> 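Have a look at the structure that comes next, please.
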There are 2 protein chains.
Amino acid sequence: MARRSDHSREEIRHLALDAAEEIIASDGYKGLSARKIAKAIGYTVGTLYLVFKNLDDLIIQVNGRTLDNLYDWLTERHGDSMDGHQSLLSLTRAYIDYAEQESPRWNLLTDYVVENGQELPDWYEAKLGKVFGLVEHSLAECNSHHDDLTMRRAARVLWAGVNGICISKIRHRFSLAGGQSATEMAEMLIDTFLRGFSQQ
Amino acid sequence: MARRSDHSREEIRHLALDAAEEIIASDGYKGLSARKIAKAIGYTVGTLYLVFKNLDDLIIQVNGRTLDNLYDWLTERHGDSMDGHQSLLSLTRAYIDYAEQESPRWNLLTDYVVENGQELPDWYEAKLGKVFGLVEHSLAECNSHHDDLTMRRAARVLWAGVNGICISKIRHRFSLAGGQSATEMAEMLIDTFLRGFSQQ
DNA sequence: GCACTAAATTGAACAGCGTTCAATAGTGAG
DNA sequence: CTCACTATTGAACGCTGTTCAATTTAGTGC
């Protein structure tokens, strides 16, 4: 039974998060459970609760790793040799690819609802900020006659919009009118938004 | 025990959906369970499974009623005496109000993930279409030099975008950069999008 | 080498979940 | 009054998150 000090707390944390990612990838994010994780890493549930406050805590940490993973995915896939507009489009295509190809973990990321009165931890918002930074950077390249605050706001608005499109297409799969793909919808959003944004 | 024919199947369906809505409103959408519903309507779980295929079926039907409710809310709150741009803004404000004030049922609506290989029923997509119709109508009022298909697509893109903003602000509550409210973000999206859309 | 302490780990227990289905109770017909 | 039919039940199954007394282990001092 107990194998005291086989792994440090930090090692157990890593093992558990690795296992959680595998379970999510194979069984979908609803297939995740404390007992499955424990079994996969050769410990029992009790141990998990020494390392994580609860399953919500674990899920936030999984989502944190998904954000890191997403950041890497986006930076790998979109070069910055092009102009801002193209750069934004390629960023968006890369994001939609990610949502489609890594849909279980992307769903978990998007699905998370912050409980009433709760807030996301700072380190989590920092990881989110890093991803937003990519959007801001691309946006800044194609339009520089707005002040910093306006640029940051525009980046957030645009990205929330792109995310909304992903949700409607990938999560809900409904196909109302038009029959555009998520990518086509996102392109329409970006093209039109940018046109409006530059003519202000 | 059994009170045969006290209620028709259709009546039980209504009772159950009413009860489900109340539970969601008071306990949050994660607090919903078959046993709670059964208890609230004076039947047992077994009966629920005669009326609904499973809990997923019930939830889709709750969401259907939420869509009806949302449609009524939107039509009550936004007059159509104004021009298209103002009309779109008022529609959006009404939608955000709904998401904020009816957040448990709105969360359930937004949270629903269509299982792999599944699709939303036709009657559900029809209800969704009715809500989209309001957006299309407003959009058509402020811009009529695009063909029908483009208008429908623009309406969908814009609304998915507004919804994305709601999700990032209301569900995730994160407050990255800018510190705008959901309404301010949505206004920025609509103003900028419409400017770009009319200058095409 | 041994006893002791303190920490790591367990796993049974609790209250809940969705779902099923044999058994039961109530109804209307003959 | 009995029969057949069906609406309804509720126990059972296997799962869930979470807790915590009990147990095993590692390391220290002797």
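The model shown is predicted, which means the values in this text are computed figures rather than measured ones. When reading the values below, keep in mind they use all heavy atoms of this one structure, side chains included, and skip hydrogens, waters and symmetry mates.
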> Under 4.5 Å between any side-chain heavy atoms of Val162(B) and Met185(B), yes or no?
no
> By salt bridge (Lys or Arg N to Asp or Glu O under 4.0 Å), which residues pair with Asp57(A), not counting sequence neighbours?
none
> Rounded to whole Å, please give me the gap between OH in Tyr43(A) and C1' in dA7(C).
13 Å
> Taking only residues two or more places apart in sequence, or in another chain, which ones meet Lys39(B) in a side chain to side chain contact (heavy atoms under 4.5 Å, CB included)?
none
> Roughly, in whole Å, what's the span from CG in Leu50(A) to P in dA8(C)?
8 Å
> Sequence neighbours excluded, which residues qualify as side chain to side chain contact (heavy atoms under 4.5 Å, CB included) partners of Leu15(A)?
His7(A), Ile41(A)
> Please enumerate all residues that pass side chain to side chain contact (heavy atoms under 4.5 Å, CB included) together with Thr47(B), with sequence neighbours excluded.
Ile12(B), Tyr43(B), Thr44(B)
> Going by salt bridge (Lys or Arg N to Asp or Glu O under 4.0 Å), name the residues that satisfy it together with Glu21(A), two or more places apart in sequence or in a different chain.
Arg65(A), Arg105(A)
> Distance check needed: dG14(D) P versus Lys36(A) NZ, whole Å only.
16 Å
> For Leu48(B), which contact category applies under a 4.0 Å heavy-atom criterion: base, sugar-phosphate, or nothing?
nothing
> Kindly state which residues belonging to residues 53-63 of chain A come within less than 4.0 angstrom of DNA chain D, counting heavy atoms of the residue only, listed by number.
Asn54(A), Leu55(A)
> List the residues meeting salt bridge (Lys or Arg N to Asp or Glu O under 4.0 Å) with Lys36(A), not counting sequence neighbours, and say none if there are none.
Asp27(A)
> So, using ring-ring contact (aromatic ring centres under 6.0 Å, His included) as the criterion, who are the partners of Phe193(A) when residues are at least two apart?
Phe197(A)
> Which whole-number value in Å describes the distance from His7(A) NE2 to dT9(C) P?
9 Å
> Any N/O pairs under 3.5 Å between the protein and nucleotides 12-15 of chain C? List them or say none.
| from | atom 1 | to | atom 2 | distance (Å) |
| --- | --- | --- | --- | --- |
| dA13(C) | N6 | Arg35(A) | NH2 | 3.3 |

> Taking 4.0 Å as the cut-off, does a side-chain nitrogen or oxygen of Tyr49(A) come that near to OP1 or OP2 on dT18(D)?
yes
> Side-chain contact test, heavy atoms from C-beta onward, threshold under 4.5 Å: evaluate it for Met151(A) versus Glu136(A) and give yes or no.
no
> What bend angle does the helix from dG1(C)-dC30(D) to dG30(C)-dC1(D) show across its length, from five-pair end axes and to the nearest 10 degrees?
30°
> Apply side-chain hydrogen bond (donor to acceptor under 3.5 Å, both in side chains) to residues Tyr95(B) and Trp106(B) and explain how you reach the verdict.
CA-CA 10 Å; Tyr95(B) 181 64; Trp106(B) 178 81; 2.9 Å; yes
> Are the side chain of Lys127(B) and the backbone of Thr66(B) linked by a donor-acceptor contact shorter than 3.5 Å?
no
> Hey, is the side chain of Thr47(A) poking within less than 4.0 Å of OP1 or OP2 on dA8(C), counting only N and O atoms?
no
> Contact list please: residues 22-33 of chain A against DNA chain D, heavy atoms, distance less than 4.0 Å, in numerical order.
Leu32(A), Ser33(A)
> Quick one: list whatever passes side chain to side chain contact (heavy atoms under 4.5 Å, CB included) with Arg77(A), sequence neighbours left out.
Trp73(A), Ala94(A)
> Between Glu141(B) and His137(B), is there a side-chain heavy-atom distance shorter than 4.5 Å?
yes
> How long is the line joining NZ of Lys39(A) and C1' of dT16(D), in whole Å?
16 Å
> Is there side-chain contact between Leu189(A) and Thr92(A), with at least one heavy-atom pair below 4.5 Å?
no
> Round to the nearest Å and state the distance from Phe52(A) atom CZ to dG17(D) atom P.
13 Å
